[in-house]
Amino acid sequence: VQLQASGGGLVQAGGSLRLSCTASGRTLSYTKAWFRQAPGKEREFVASISSNGGTADYAASVKGRFTISRDSAKNTVYLLMNSLKPEDTAVYSCAAGPIAAPFIVLVARCKYEYDYWGQGTQVTVSS
């Protein structure tokens with residue numbers, strides 16, 4: 001299984017970006033998530049989505065600004081990021097893990113629940 005993330009870049013505060021993560025291999029039944037890591041900080045949870053797209057969860061810092069979605073036909077998960085702030089600057093990585101939908105809110109924020117990780121894409125928000 002491989003996860004390939006793309007879509008990062010440099011954007012001004014208030015702008016938008018859409019990240020994509022395309023998976024190869026059998027991950028359609030997996031919960032997908034985005035995490036981010038800023039320089040000198042721990043990797044932190046951003047958003048997760050269940051295998052059927054029916055359940056999503058967001059970190060408080062991005063709720064209302066970011067939207068996670070997935071296209072099963074393309075085996076791709078997206079992260080639409082609006083109203084970006086300088087503090088959103090980080091390397092964003094996608095992940096896939098065998099987390100059942102009813103447990104997403106309970107465990108999907110934990111990075112150790114994920115079996116597969118993409119290489120990350122840099123998002124830089126200038127003030």
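Everything numeric here is computed off the predicted structure, so don't read it as measured data.
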(request) Determine yes or no for a side-chain-to-main-chain donor-acceptor pair under 3.5 angstrom, with Asp57 supplying the side chain and Ser48 the backbone. (result) no

(message) Tell me whether Val105 shares a hydrophobic cluster with Val107, the cluster being built from Ile, Leu, Val, Met, Phe, Trp, Tyr side chains joined at under 4.5 Å.
(response) no

(message) Measuring from atom CD of Gln12 to atom CG of Leu84, what distance do you get when rounded to the nearest 0.5 angstrom?
(response) 11.5 Å

(message) Arg36 vs Val62, test: side chain to side chain contact (heavy atoms under 4.5 Å, CB included). Steps then yes/no.
(response) CA-CA 12 Å; Arg36 67 186 182 186; Val62 306; 3.9 Å; yes

(request) May I ask you to decide if the ring planes of Phe45 and Phe35 are parallel, tilted or perpendicular, using 30° and 60° as cut-offs? (result) perpendicular

(message) I need the minimum non-hydrogen distance between Ser50 and Ala101, along with the two atoms involved.
(response) CB-CB, 3.8 Å

(request) Have a look at Leu79 and tell me which of Val123, Ile68, Ile49 forms a side chain to side chain contact (heavy atoms under 4.5 Å, CB included) with it. (result) Ile68

(message) Taking the side chain as everything from C-beta on, heavy atoms only, tell me whether Phe66 gets closer than 4.5 Å to Asp88.
(response) yes

(request) Ignoring hydrogens and angles, tell me if any N or O in the side chain of Thr27 forms a donor-acceptor pair with the backbone of Ala96 under 3.5 Å. (result) no

(request) Taking all non-hydrogen atoms of both residues into account, name the closest pair between Val77 and Ser69 and its distance. (result) CG2-O, 3.1 Å

(request) Answer yes or no: is there a side-chain heavy-atom contact under 4.5 Å between Trp117 and Arg43? (result) yes

(request) Output yes when a side-chain donor or acceptor of Thr121 lies under 3.5 Å from a complementary backbone atom of Gly8, and no otherwise. (result) yes

(message) For the OG atom of Ser6 and the OH atom of Tyr92, what is their distance to the nearest 0.5 Å?
(response) 15.0 Å

(message) With rounding to the nearest 0.5 angstrom, report the NZ to OG1 distance, Lys32 to Thr76.
(response) 7.5 Å

(message) Taking Ala5's backbone N and O only, do any of them form a donor-acceptor pair with Gln119's side chain (distance below 3.5 Å, no angle check)?
(response) yes

(request) Give, for atom OG1 of Thr31 and atom CZ of Arg70, the distance between the pair rounded to the nearest 0.5 Å. (result) 7.0 Å

(message) Checking the side chain of Arg109 only, and the main-chain atoms of Val46 only, is there a donor and an acceptor separated by less than 3.5 Å?
(response) no

(message) Please report the interatomic distance SG(Cys21) to CG(Asn75), rounded to the nearest 0.5 Å.
(response) 9.0 Å

(message) Hydrophobic cluster membership, with links at side-chain heavy-atom distances under 4.5 Å among I/L/V/M/F/W/Y: are Ile104 and Leu106 in one?
(response) yes

(message) Testing the basics here: between Ser20 and Trp34, what is the closest heavy-atom pair and its distance to 0.1 Å?
(response) O-CH2, 3.6 Å

(request) Could you check if a side-chain atom of Thr67 sits within less than 4.5 angstrom of a side-chain atom of Tyr78, using non-hydrogen atoms only? (result) no

(message) Nearest 0.5 Å, please: how far is CD in Gln37 from CD in Glu44?
(response) 9.5 Å

(request) For Glu87, look at atom CD and say whether over 12 heavy atoms of other residues, nucleotides or ligands are found less than 6.0 Å away. (result) yes

(request) Give a yes or no on whether the backbone of Cys94 and the side-chain of Tyr116 come within a donor-acceptor separation of less than 3.5 Å. (result) no

(message) Tell me the closest heavy-atom pair linking Tyr114 and Gly97, and the distance in Å.
(response) CD2-N, 3.5 Å

(message) Under a 3.5 Å threshold, yes or no: a donor from one side chain and an acceptor from the other, between Gln122 and Thr124?
(response) yes

(request) List the atom of Ala13, the atom of Ser127, and the distance in Å for their closest heavy-atom pair. (result) CB-CA, 4.3 Å

(request) For residues Leu19 and Met81, report the shortest heavy-atom separation together with the two atoms involved. (result) CG-CE, 3.8 Å

(message) Would you say Leu28 ends up clustered with Tyr30 if hydrophobic residues are merged whenever their side chains have heavy atoms under 4.5 Å apart, either directly or through other cluster members?
(response) no

